[in-house]
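Just so it is clear: chains get the letters A, B, ... in the order the sequence lines come, proteins before strands, and each one is counted from 1. For the numbers below, each heavy atom of this structure counts, side chains included, while hydrogens, waters and symmetry mates do not.
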2 protein chains.
Amino acid sequence: MPGGAAQLLTAPYAGGSLFANRSLRASGKVLPEHARSHNRSLVLQTLYTEGAQSRADVARETGLTRVTVSDLVAELIGEGLVVELGQREDARPGKPATLIDVDRTGFHIIGLDLSEHTRFRGAVVDLDGSIVARAEVALDGATGERAYELVAELLDGLLALTQTRVLGVGVGSPGVVDPNGVVRSAPNLGWSGLALQERLAAAFHLPVHVANDANVAALAEHGTTPGDLILVKVGHGVGAGLIVGGRPVLGSGFAAGEIGHVVVGTDGGPRCACGKHGCLEAWLAVPRLTAELARFEGAADAASARDETLREAGRRLGIVLAPVVGALNLSEVVLSGPAELLDGPLLEATAETLRARTMAEQHRDLRLRMTAFGQDIVLRGAAVMVLSGQLGVS
Amino acid sequence: MPGGAAQLLTAPYAGGSLFANRSLRASGKVLPEHARSHNRSLVLQTLYTEGAQSRADVARETGLTRVTVSDLVAELIGEGLVVELGQREDARPGKPATLIDVDRTGFHIIGLDLSEHTRFRGAVVDLDGSIVARAEVALDGATGERAYELVAELLDGLLALTQTRVLGVGVGSPGVVDPNGVVRSAPNLGWSGLALQERLAAAFHLPVHVANDANVAALAEHGTTPGDLILVKVGHGVGAGLIVGGRPVLGSGFAAGEIGHVVVGTDGGPRCACGKHGCLEAWLAVPRLTAELARFEGAADAASARDETLREAGRRLGIVLAPVVGALNLSEVVLSGPAELLDGPLLEATAETLRARTMAEQHRDLRLRMTAFGQDIVLRGAAVMVLSGQLGVS
DNA sequence: CACGTTTGTTAGTAAACCTTACGAACAAAT
DNA sequence: ATTTGTTCGTAAGGTTTACTAACAAACGTG
């Protein structure tokens, strides 16, 4: 490898610092106790995802020694988070193992979904994600403080439905929500700067986590599949939640996922409430779709007209998603909303459009599908958020 | 808060596990020594960003005690990464402080830019980001193993240009590059599955970091400003690099940022080499723009025709970026490429289009600008990558 | 010159995880 | 029935890490 091929070209020139930027700095100091809480979470999460097993199994899985695992498990048992289940049944050489597991019957989680237009929904969820009880309150146009009171009433009612220790409360709220659970802006509910997380935590003396409804829904989906994904939530409006690199994307102004008012295509479109023409919401929102479909009722070619309306909406969604899927190299796009509208021609048209408008080779493994959680996606996601926040690594 | 407002609705229904997903699991066990290396990096980064200061200053800044900082600094001095600069000059009460700093003159970084079509460029960069020396090799259509040899020759030549200890080598390569520095696919160079990082590291016995050129360029920009950003690199092709939540986005198939072949708009467009019509690259790539502009040379209305061509390209870029900026709530969009083409009507049209097609309120603080690093953006980013990889927290 | 302040170091302590060692309990082979 | 090998959980002791407490050195200030 001769050095002659490279030649000195120009005189040195002065630059600034390579990174003046603080955000590349380590987040803060790490003490031994932080390491321990990390390992504690590691044990908990191993138990949660792998199910009942012995301390030795956990040690092998985590890479920690049996000694350390025993110590951590003793601490967790002391707090009631983990329980011993007796000896393993199957016949193997060696001393029989004592099975341990997260106390799956010992805790409930409360999930709240504030994203619907006419009501707040809530549920009691157990640690495995089964919904144990449900409740709801009608909104009746309530806004501001009255809307907050309805949230508190709903939560109060849900807490009365369980006698089990409550791990925490997860809330999916519409609008822009910051990492501290302050609803910066939720026009429909007349909230701006409402410290929802803080107020609920203070009023109920429970851990509370509040996030944007679409982000919460994305958490629910991410729980079931690896890889990066976008969840598109179609309802009265259109919003999205993104998981990139295993983490929810918040955005510089905590407004990530607000794609409802991005203009689609270069050929106009329906007028939107925001004043622009051809916003995604103007094509895809449920009220607009149902109104459009109603126009064809009873007509001769009702079926094909309905089909074409849905396909057009699906194409529009694909047009908006294509740059996002391409730029982020997403592996999964999930739709949430009324299945009778979304699951069919609309979904198919979105898939076709996505395929046609992105580089197919890069996205061969791209999956587009409806959520399997139906209407409960935000409730389930809220539970995931609590589980991850209370038991997981921060 | 009466509980009566909430009512039990349905019977329990069975769900699966809340997260079967491994990716929400903690990354692995944490040992005390990991904590120490974290704190070590914290000290280094504090010194790097804040400049020369006393051990006590570092202690106050990091939250660690003076004792711990002294211990860590002793280790760093022992390795030659940090040096003592003598006593502080200014008159203050108390024992005079001994200033310490990263040894800014003691290290050089090698940066390589493989993204140009006709040549490989490289530079020797000091720790403050100043370019000390440059070199390049002509590509002459080389591909495959011959292209790799040219990289090695360029690196060899650059190493001969510095007598200072080399911290590491950073490489920005075109194509899809995985986190291990394997170039999965770079059609122009005829590379597929080339373990560039591993081979260079083995051949030169130096730390080597290889990443996609646009991602590397994004790192350079992120060094100067906080917040999430997308860097669009316009050259023979069009690619992008994203920083979200302070981290580079790789994508599920390590192909994030590949937006060159996303179709723009709903009204056709120029035919692209990939077969589709109206790809971003077909509108915006440098060869296409220069060819288009050449058509107007000498014409009567050359200036306005040129202007409109550039504006149209800018609008197309805005159309593709709008959904990305909206979905990610980005705070910054940076363009890199020939300033005579990009900086002017094109940039203005992109800005206008972005404003018109997204929700203005959410993106009031959105900044769109040219890079300040010009042609050296990949070289600078490569240096940032090395600095961050060798000194920073992983 | 006494005093307060700041710096950097020494000494000792607490926490966390490790390695090593061991008893208990079992299956399989003898 | 005994031996052998395996596995589990725990105990003891050592290493690493960062902390608190205390102190000498060196400097301005009144």
Side-chain angles (χ1 to χ4, degrees), chain A residues 26-44 46-47 50 52-78 82-101 393, chain B residues 26-44 46-47 50 52-78 82-101 393:
Chain A
S27 38
K29 64 176 173 179
V30 169
L31 303 182
E33 66 227 54
H34 298 137
R36 184 166 178 90
S37 94
H38 179 102
N39 289 335
R40 206 186 96 112
S41 291
L42 184 60
V43 169
L44 266 178
T46 302
L47 284 175
E50 307 282 318
Q53 57 195 302
S54 71
R55 292 168 174 83
D57 291 332
V58 174
R60 275 185 292 267
E61 180 77 17
T62 58
L64 295 163
T65 60
R66 291 200 305 273
V67 180
T68 303
V69 170
S70 278
D71 190 41
L72 289 167
V73 166
E75 181 181 308
L76 292 168
I77 289 178
V82 167
V83 288
E84 289 196 334
L85 301 176
Q87 292 195 345
R88 180 178 269 146
E89 292 295 322
D90 58 344
R92 297 199 295 186
K95 177 180 170 181
T98 310
L99 293 177
I100 53 171
D101 196 2
V393 183
Chain B
S27 36
K29 64 175 173 178
V30 169
L31 303 181
E33 68 225 56
H34 297 137
R36 183 170 176 90
S37 96
H38 180 100
N39 288 336
R40 205 186 96 112
S41 292
L42 185 60
V43 168
L44 265 178
T46 301
L47 284 175
E50 308 281 319
Q53 56 197 300
S54 72
R55 291 166 173 85
D57 292 332
V58 174
R60 275 185 292 268
E61 180 77 17
T62 57
L64 296 163
T65 61
R66 293 200 305 273
V67 180
T68 304
V69 169
S70 278
D71 191 42
L72 289 167
V73 165
E75 181 181 309
L76 292 168
I77 288 178
V82 168
V83 288
E84 289 195 335
L85 301 176
Q87 292 196 344
R88 179 178 268 146
E89 292 294 323
D90 58 344
R92 296 197 299 186
K95 176 179 170 180
T98 309
L99 292 178
I100 53 171
D101 196 1
V393 183

message = Need one value for B:R66: base, sugar-phosphate or nothing, where a base atom within 4.0 Å counts as base even if backbone is also close, heavy atoms only.
response = base
inquiry  = From the set D:dC8, C:dT7, C:dT10, return the single nucleotide nearest to any side-chain atom of A:S54.
reply    = D:dC8
ask   = What nucleotide, of D:dC8, C:dT7, C:dT10, holds the atom closest to the side chain of B:D57?
value = C:dT7
inquiry  = Can you confirm whether A:K95 sits close enough to A:Q87 that some side-chain heavy atom of one is under 4.5 Å from a side-chain heavy atom of the other?
reply    = no
request  = Would you please say whether a donor-acceptor pair under 3.5 Å links the side chains of B:T68 and B:D71?
outcome  = no
message = Categorize A:R40 for me: base, sugar-phosphate, or nothing, with a 4.0 angstrom heavy-atom threshold over every strand shown.
response = nothing
task = Specify the separation, in whole Å, of atom CD of A:Q53 and atom P of D:dG9.
result = 11 Å
ask   = Is there side-chain contact between B:S70 and B:V73, with heavy atoms separated by less than 4.5 Å?
value = no
query = Any idea which of D:dT20, D:dA11, D:dG9 is nearest the A:V67 side chain?
reply = D:dA11
key: Touch class at under 4.0 angstrom, heavy-atom based, for B:D71 against every strand present   = nothing
ask   = Taking atom P of C:dT19 as reference, at what distance in whole Å does atom CG of B:L31 sit?
value = 9 Å
ask   = Reckon B:V69 touches a base, only the sugar-phosphate, or nothing at all at heavy-atom distances under 4.0 Å?
value = nothing
ask   = Counting side-chain heavy atoms from CB outward, which of C:dT6, D:dT20, D:dA18 is closest to B:N39?
value = D:dA18
remark   = Per atom distances to the B:S70 side chain, the nearest of C:dA16, C:dG8, D:dT10 is C:dG8
ask   = Is there side-chain contact between A:T62 and A:N39, with heavy atoms separated by less than 4.5 Å?
value = no
ask   = Does A:T65 put a side-chain nitrogen or oxygen below 4.0 Å from OP1 or OP2 of C:dC17?
value = no
task = Measure from NE2 on A:H34 to P on D:dA18 and round the result to the nearest Å.
result = 12 Å
request  = Mind calculating the distance between CD (B:E33) and P (D:dA18) to the nearest angstrom?
outcome  = 11 Å
task = Taking only the side-chain nitrogens and oxygens of A:T98, find out if one of them lies under 4.0 Å from OP1 or OP2 of D:dC8.
result = no
message = Is A:T68 close enough to C:dC18 that one of its side-chain N or O atoms is under 4.0 Å from OP1 or OP2 there?
response = yes
query = Picking from C:dA11, C:dG8, D:dG9, which would you name as closest to the side chain of A:A97?
reply = D:dG9
query = Tell me: CZ of B:R88 to C1' of D:dA26, nearest whole Å?
reply = 14 Å
task = Check whether any side-chain heavy atom of B:L72 lies under 4.5 Å from a side-chain heavy atom of B:R36, and answer yes or no.
result = yes
request  = State whether B:R36 places a side-chain N or O below 4.0 Å from either non-bridging phosphate oxygen (OP1 or OP2) of D:dA18.
outcome  = yes
Upstream residue (5' side of DNA chain D) when A:P96 and B:L72 are each assigned their closest nucleotide = A:P96
message = Please report the distance, rounded to the nearest Å, between CD in B:E89 and P in D:dG28.
response = 12 Å
task = Walk me through it: do A:E33 and A:R40 pass the test salt bridge (charged side-chain N to carboxylate O under 4.0 Å, His left out)?
result = CA-CA 10 Å; A:E33 66 227 54; A:R40 206 186 96 112; over 6 Å; no
task = Rounded to the nearest angstrom, tell me the gap between atom NZ in B:K95 and atom C1' in C:dT6.
result = 9 Å
message = Which nucleotide wins on minimum distance to the side chain of A:R60, given the candidates C:dT9, C:dG8, D:dC8?
response = D:dC8
request  = Give the rounded distance in Å between these two atoms: CD of A:Q87 and P of D:dC8.
outcome  = 12 Å
